[in-house]
Amino acid sequence: QFDTNGNATVTINRRQPATPLIVQLLLDPGGDLNEITGTVSDGNWTSELAVNRAAYDRRLNPAPQAGNYTIVFPGTPGATASPAGHGYGIVRVDPSGRVRLSGVLADGTRVSQGTTLSSLGQWPCFALPFSGRGPVMGWLTFADRAEDDLNGWVHWNRPPQPSSIFFGSGFDVETEVVGSKFTRPARGQTVLSFTNGVVTLTQPLTTTVAVASNNRVTSPDNRWFSLALNPSTGIFTGRTLDPDTNKSLLLRGVVLQKQDAGYGFFLRANQSGAIYFGK
């Protein structure tokens, strides 16, 4: 219940010994009722709080952002204590503003979320892929820009898991996420605009490739290389031979049509390497 000045205080009792949370709220003083601001505090720490209205409706006010998108969570170049590879996902926004994410982070961890787009075109990205620990979180904004249609910073914390082959000590990183609208190509057309390009792995290893009309990717220089683009989602998967171990490497990622390129990752030893697929 807000008072006449738009203020409200909510007390959230928690199981002892945790102290209650005090939530202070202020209804948008501009009068359009699209935003609530405030704070959350336990008496020792305080966090800012922002609430944006879920304003979209399929019939009365459909979301202009509705459609299919591909998204990339870039890695840190040269990193060894955290992924150097690029995580990826597919995003669906329906006319009611509901957002669904399904993807794989660059350490091989699957991530998913279902939430609602705000009236400001913002997506509150939040997922807990490690059994309720280790959040992936940040505000992402849908906006038509030169290089992307979706952008924003995400904070990713992986908790320590000593028994894990990859990154058992955990890590804490921030990365600038980019996304692009995805349109399924017509039959006989490729997902990207080119038919001859390169695939580069951070070993470094660069392979010249050819893209067929069925979106199969092969290399005239490397008979161990193969890649397939999914024309329905923009996801690509493939394999190549690790030149150091002669073992097969699994390649996976997604294309960003607005950049006319693909990004992804592979796992080898206890590291995550980056994949670039472009002209």
Side-chain angles (χ1 to χ4, degrees), residues 1-66 69 71 73 89 91-101 103 105 111-145 148-159 170-179:
Q1 184 71 42
F2 291 87
D3 64 21
T4 54
N5 294 317
N7 296 296
T9 300
V10 180
T11 300
I12 302 174
N13 293 311
R14 300 188 293 171
R15 183 176 299 176
Q16 293 184 346
T19 58
L21 295 178
I22 306 300
V23 182
Q24 301 283 353
L25 301 175
L26 176 62
L27 199 60
D28 181 13
D32 59 11
L33 305 182
N34 280 329
E35 186 178 24
I36 297 172
T37 58
T39 59
V40 181
S41 177
D42 70 348
N44 295 312
W45 59 264
T46 299
S47 176
E48 292 186 358
L49 176 149
V51 181
N52 294 316
R53 169 171 284 189
Y56 296 119
D57 177 85
R58 179 182 297 272
R59 292 183 299 106
L60 302 178
N61 185 29
Q65 302 86 355
Y69 298 78
I71 188 171
F73 299 85
V91 179
R92 165 69 177 167
V93 181
D94 73 13
S96 295
R98 290 188 291 261
V99 182
R100 291 213 164 271
L101 162 70
L105 300 176
V111 64
S112 62
Q113 184 195 14
T115 186
T116 304
L117 188 66
S118 81
S119 59
L120 302 177
Q122 291 186 315
W123 160 20
C125 181
F126 182 83
L128 291 170
F130 299 102
S131 301
R133 300 179 301 133
V136 178
M137 58 189 296
W139 284 100
L140 304 181
T141 301
F142 288 83
D144 182 5
R145 307 195 309 176
D148 56 57
D149 298 298
L150 172 62
N151 70 91
W153 286 87
V154 166
H155 180 196
W156 175 19
N157 174 274
R158 175 178 169 132
F171 53 76
D172 192 88
V173 297
E174 284 190 324
T175 183
E176 188 172 11
V177 172
V178 293

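Heavy atoms only: backbone and side chains are in, while hydrogens, waters and symmetry mates are out.
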So how far is it from [X] [atom1] to [Y] [atom2], rounded to the nearest 0.5 Å?
{"X": "Gln24", "Y": "Leu26", "atom1": "CD", "atom2": "CG", "result": "10.0 Å"}
{"X": "Gln122", "Y": "Phe142", "atom1": "CD", "atom2": "CZ", "result": "11.0 Å"}
{"X": "Thr9", "Y": "Gln1", "atom1": "OG1", "atom2": "CD", "result": "12.5 Å"}
{"X": "Phe2", "Y": "Leu27", "atom1": "CZ", "atom2": "CG", "result": "5.0 Å"}
{"X": "Thr11", "Y": "Ile22", "atom1": "OG1", "atom2": "CD1", "result": "3.5 Å"}
{"X": "Leu21", "Y": "Ser41", "atom1": "CG", "atom2": "OG", "result": "8.0 Å"}

Margin query: Can you confirm whether Arg59 is buried at CZ, in the sense that more than 12 heavy atoms of other residues, nucleotides or ligands lie under 6.0 Å from that atom?
Written below: no
Checklist line | Within 6.0 Å of CZ in Arg58, more than 12 heavy atoms from elsewhere | finding: yes
Which atom names give the shortest non-hydrogen contact between [X] and [Y], and what distance separates them?
{"X": "Tyr56", "Y": "Pro64", "value": "CE2-CD, 3.6 Å"}
{"X": "Gly134", "Y": "Pro129", "value": "O-CD, 3.4 Å"}
{"X": "Thr116", "Y": "Ala54", "value": "CG2-CB, 3.5 Å"}
{"X": "Ala127", "Y": "Ser112", "value": "CB-O, 3.7 Å"}
{"X": "Pro159", "Y": "Phe130", "value": "CD-CD1, 3.6 Å"}

Strictly distance-based, threshold 3.5 Å: is any side-chain N or O of [X] a donor or acceptor partner for the main-chain N or O of [Y]?
{"X": "Ser118", "Y": "Leu120", "result": "yes"}
{"X": "Gln113", "Y": "Pro124", "result": "yes"}
{"X": "Thr19", "Y": "Asp42", "result": "yes"}
{"X": "Asn5", "Y": "Asn7", "result": "no"}

Check: Do the non-hydrogen side-chain atoms of Phe126 and Thr115 ever get within less than 4.5 Å of each other?
Finding: no
Notebook entry, point to check: Are any non-hydrogen side-chain atoms of Asp172 and His155 less than 4.5 angstrom apart?
Noted result: yes
Item checked: Test log, rule side-chain contact (heavy atoms from CB on, under 4.5 Å), inputs Trp139 and Asn52 -> CA-CA 12 Å; Trp139 284 100; Asn52 294 316; 3.9 Å; yes
Check: Can you check side-chain contact (heavy atoms from CB on, under 4.5 Å) on Trp156 and Thr175, steps first, answer last?
Finding: CA-CA 8 Å; Trp156 175 19; Thr175 183; 5.7 Å; no
Checklist line | Given Leu140, Ile71, Val173, the one that forms side-chain contact (heavy atoms from CB on, under 4.5 Å) with Val154 | finding: Leu140
Next item on the list: Show your working on side-chain contact (heavy atoms from CB on, under 4.5 Å) between Val40 and Trp45 and close with a plain yes or no.
Entry: CA-CA 8 Å; Val40 181; Trp45 59 264; 4.2 Å; yes
Item checked: Short side-chain donor-acceptor distance under 3.5 Å, Thr39 and Glu48 -> no
Next item on the list: Check the pair Trp123, Leu101 against side-chain contact (heavy atoms from CB on, under 4.5 Å), reporting the backbone distance first and the verdict last.
Entry: CA-CA 11 Å; Trp123 160 20; Leu101 162 70; 3.9 Å; yes
